[in-house]
4 protein chains.
Amino acid sequence: MTEKRRRRLPRQVREQQIIDVAVRVFSKRGYHAASVDEIAELAGISKPMVYLYLESKEGLFIACLRREAERLVAAFQGAAQGVVTPELRLRAGLRAFFSFVSEHRDGWVVLHRHAAELSEAIAAEAAQARRAVMAEVTDLVRAGIAESGGPARLGDEDAEFVAHTIVGAADSLTDWMAEHPAESPDGMTRRLMNMIWVGMRNVLDGETWTPPPPPPPS
Amino acid sequence: MTEKRRRRLPRQVREQQIIDVAVRVFSKRGYHAASVDEIAELAGISKPMVYLYLESKEGLFIACLRREAERLVAAFQGAAQGVVTPELRLRAGLRAFFSFVSEHRDGWVVLHRHAAELSEAIAAEAAQARRAVMAEVTDLVRAGIAESGGPARLGDEDAEFVAHTIVGAADSLTDWMAEHPAESPDGMTRRLMNMIWVGMRNVLDGETWTPPPPPPPS
Amino acid sequence: MTEKRRRRLPRQVREQQIIDVAVRVFSKRGYHAASVDEIAELAGISKPMVYLYLESKEGLFIACLRREAERLVAAFQGAAQGVVTPELRLRAGLRAFFSFVSEHRDGWVVLHRHAAELSEAIAAEAAQARRAVMAEVTDLVRAGIAESGGPARLGDEDAEFVAHTIVGAADSLTDWMAEHPAESPDGMTRRLMNMIWVGMRNVLDGETWTPPPPPPPS
Amino acid sequence: MTEKRRRRLPRQVREQQIIDVAVRVFSKRGYHAASVDEIAELAGISKPMVYLYLESKEGLFIACLRREAERLVAAFQGAAQGVVTPELRLRAGLRAFFSFVSEHRDGWVVLHRHAAELSEAIAAEAAQARRAVMAEVTDLVRAGIAESGGPARLGDEDAEFVAHTIVGAADSLTDWMAEHPAESPDGMTRRLMNMIWVGMRNVLDGETWTPPPPPPPS
DNA sequence: TATGAATGAGCGTTCATTCAT
DNA sequence: CATGAATGAACGCTCATTCAT
């Protein structure tokens with residue numbers, strides 16, 4: 001028998017093991033298609049342990065949500081640490097995001113791509129987790145423009161609009177990144193900064209794009 | 001029997017009725033949490049009819065996927081019809097997208113936000129549906145820059161990068177839009193154009209954003 | 001294969017079959033120890049049918065409770081039909097009870113002997129079923145004494161006390177009866193009437209038993 | 001650690017503590033719905049202790065059964081101690097019963113109202129416990145009638161019939177008593193003696209109640 | 001003496017799917 | 001064209017019981 005003898009582990013360790021596995025499985029299958037059986041088996045324990053420590057499938061999923069949200073927020077905050085110019089702070093944030101997704105793709109999927117299939121109870125928790133992430137970005141944006149001499153009248157609306165644009169773009173680009181494995185988080189960041197930095201300034205400065213005049217008939 | 005006798009309807013009509021309901025239900029519940037029972041009941045027919053016409057739950061979902069993808073692609077194509085300048089074509093495409101989501105939110109959700117919970121068979125179909133949409137946008141982008149005197153050497157990579165950015169931003173902004181019901185598709189489009197048009201030109205022209213020099217020590 | 005081909009039966013018939021079996025199983029095992037699996041198997045159908053028709057294990061048990069309570073109350077009422085003197089009405093009621101228990105022992109067990117293990121939801125239903133039976137007896141008692149020239153001041157309390165005595169005695173005697181199979185419902189009734197008729201008159205007439213004086217010391 | 005450290009207690013004490021709790025829990029929930037987890041927690045010890053001392057859930061229940069039966073039998077015997085006339089001995093026994101139920105309702109429930117849900121092994125034990133109680137009452141009845149000049153030919157059958165009547169009535173009256181909290185064991189006893197004493201004499205003397213003649217037609 | 005860690009087995013429930021009419 | 005009747009298979013969850021310390 002090559003089977004590993006299950007060693008008795010203290011609760012905290014087992015709990016993290018379970019959550020580690022659960023994030024992977026939830027990410028791969030989605031909430032409903034994931035089965036507690038599979039999670040338990042991959043974690044090398046029996047089902048009742050999962051229930052003993054995490055209460056229910058819902059509880060397990062929420063634990064995953066919370067941990068991954070905390071990790072991502074921590075990544076943001078760590079990245080901005082000590083960076084002074086707003087431009088560079090945004091860059092650092094984006095780089096942190098792309099690094100996080102590179103290294104914790106499952107975590108990001110669990111956090112961001114399960115809205116449709118969740119029970120009301122979980123949906124609330126998920127919304128809050130996503131709001132926490134979005135808030136970090138919004139802060140980055142708002143602080144950025146404020147410090148860089150932007151208009152004081154910057155509204156919440158505009159900042160949130162920009163944040164949604166950036167997060168959505170970044171999220172979508174994780175797919176692109178998956179198809180271009182050579183691309184590093186640094187490269188992604190440079191590309192995306194290039195694409196949005198100027199536009200962001202436009203929006204936050206209140207400049208408005210207007211349709212060009214129709215070309216003169218030849 | 002006061003109950004209304006269902007009239008016997010030709011197959012095509014019934015099929016569309018079923019798909020209409022199914023899109024709503026799949027959108028609200030997600031693929032796994034949606035039950036064929038509920039769909040049949042809301043469609044006012046018995047379960048075996050669903051299987052007679054759509055083969056299986058998977059078949060039903062795929063039918064939904066295809067129809068909504070077709071509708072969205074058609075919306076893009078209709079919007080670009082007769083519009084000459086690339087800038088305006090992009091604008092028209094975005095406006096079509098936001099209109100589609102405003103009016104067919106369920107369709108968009110089914111198309112775009114169920115990646116995680118799908119069986120392999122469906123996932124392939126879904127990926128293709130999304131690729132079809134992404135291809136439309138990529139074409140818009142590529143054509144745009146080509147006509148507007150952009151570099152001939154424009155790589156597929158860059159165009160796809162930009163397309164991912166735009167689609168991701170637009171997708172994410174549907175959430176923002178849902179929280180700001182006063183905003184019209186036209187308004188959304190102007191805001192987003194403002195944010196990305198210049199950056200897109202930068203990227204496609206090969207200009208690169210570089211980190212600013214560190215501020216001089218005080 | 002001697003296995004009987006399951007015939008397709010209309011809902012009402014199947015429902016009664018299921019309840020028939022369920023009463024037997026609940027009676028033998030008690031609510032918690034009874035398994036829906038066993039009930040389904042003995043009924044010759046699959047588990048989902050039970051849930052389709054009876055909603056849940058609780059629903060199934062409540063259906064049993066209701067049907068048996070109705071049957072017993074009907075037996076009481078049928079027995080009293082056309083009997084004029086109160087004494088004979090009580091006798092008829094008791095005879096009906098003993099007949100019911102002889103022929104539907106399981107029904108009586110389900111009705112009367114499961115108080116301890118029921119969920120709050122079911123306990124309420126069970127209490128009501130038992131109250132319905134007790135009410136029949138109380139009426140019998142009250143009507144009896146009233147017509148036979150008993151005191152007008154007969155209180156609800158006394159009538160219920162007597163009813164409890166009679167029902168409790170009769171219930172307990174079903175055990176005795178089970179150990180004396182030769183005894184007929186008629187015989188049981190005569191024995192029990194003999195035992196309680198006079199005492200009942202005493203109680204309802206307000207006569208009170210008093211401890212006899214201590215025997216004179218020798 | 002503000003938590004009180006459980007003191008190590010000698011086996012006998014712990015055992016009684018566990019049984020105390022178990023009687024309460026079994027009474028409230030019924031045998032199957034009661035969980036060893038709950039009992040252990042309420043007893044303030046860990047589950048393995050329960051198994052160490054009582055072997056199994058069955059063993060625990062049987063221990064409860066035995067202790068409560070012993071207590072009730074002791075109560076009967078203590079009550080009859082030194083009472084000479086049979087009438088008063090019966091009265092004393094009934095009073096002891098009602099007192100016991102007033103003070104140990106849980107014990108009585110465990111003893112008497114769980115027939116339906118017990119495993120064969122336990123059912124036998126429970127039947128024996130109930131028989132022990134019934135035997136006490138039967139003795140009371142038999143002794144009573146014998147001493148008071150009743151017929152020598154008194155059969156076991158009759159005595160047991162009477163005992164069943166009395167025990168069943170008394171049991172059922174515990175419900176009535178629960179709804180009339182003002183009633184004391186003494187009051188219950190007087191009421192019940194009033195109701196059954198004469199009838200009991202009738203039965204044991206061999207007198208038979210006969211249906212009255214039909215009323216003359218008017 | 002005492003317990004935290006762990007599990008095999010089973011139960012209530014649901015769901016996609018099919019059969020017979 | 002249309003459906004009421006029926007089920008195999010799986011899933012979430014719990015429980016009595018034991019092991020290792």
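Proteins get letters first, then strands, A, B, ... in listed order; numbering begins at 1 in each.
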Ile18(A) CD1 - dG12(F) P separation (whole Å): 15 Å
Polar side-chain contact Arg8(C)-dC19(E) base: donor and acceptor under 3.5 Å: yes
DNA chain F base-pair string [pairs: Watson-Crick or G-U under 3.5 Å; |: paired with another strand]: .||||||||||||||||||||
Lys NZ or Arg CZ of Lys57(B) over Phe26(B) ring: under 6.0 Å, within 45°: no
Residues from residues 46-62 of chain C lying under 4.0 Å of DNA chain E - heavy atoms: Lys47(C), Pro48(C), Tyr51(C), Ser56(C), Lys57(C)
Whole-Å gap separating P (dT17(E)) and NE2 (His32(B)): 11 Å
Partner of Glu38(C) under salt bridge (Lys or Arg N to Asp or Glu O under 4.0 Å), chosen from Lys47(C), Lys28(C), Arg29(C): Arg29(C)
Distance, nearest 0.5 Å, that separates CD of Glu70(A) from CZ of Arg66(A): 8.5 Å
Gap between atoms CD and C1', on Glu41(A) and dC11(F) respectively (whole Å): 15 Å
Sugar-phosphate, base or nothing in reach of Ala34(B), heavy atoms under 4.0 Å: sugar-phosphate
Sugar-phosphate, base or nothing in reach of Arg11(C), heavy atoms under 4.0 Å: sugar-phosphate
Protein-nucleotide distance (Tyr31(D), atom OH; dC15(F), atom C1'), rounded to Å: 12 Å
Value in whole Å for how far the P atom of dG8(F) lies from CG of Asp37(C): 12 Å
Nearest heavy atoms of Ile45(B) and Val50(B), plus distance in Å: CD1-CG2, 3.9 Å
Residue mapping more 5' on DNA chain F - nearest nucleotide basis, Ala33(A) or Pro10(C): Pro10(C)
Rounded distance in Å - CD (Glu38(B)) to C1' (dA16(E)): 15 Å
Spacing of Ile45(C) atom CD1 relative to dG4(F) atom P, expressed in whole Å: 18 Å
Under 4.0 angstrom between Arg14(C) side-chain N/O and dA6(F) OP1 or OP2: yes
Contact check, side chains of Phe61(A) and Leu118(A), non-hydrogen atoms, under 4.5 Å: yes
Modelled atom types, side-chain donor and acceptor of Arg131(B) and Gln128(B), under 3.5 Å: no
Criterion salt bridge (Lys or Arg N to Asp or Glu O under 4.0 Å) on Arg71(C) and Glu68(C), from CA distance to verdict: CA-CA 5 Å; Arg71(C) 281 186 177 174; Glu68(C) 298 305 311; 3.6 Å; yes
Whether Glu117(A) side chain and His32(A) backbone form a donor-acceptor pair below 3.5 Å: yes
Test item: Glu58(C) and Tyr31(C) side chains (from C-beta on) under 4.5 Å apart, heavy atoms: yes
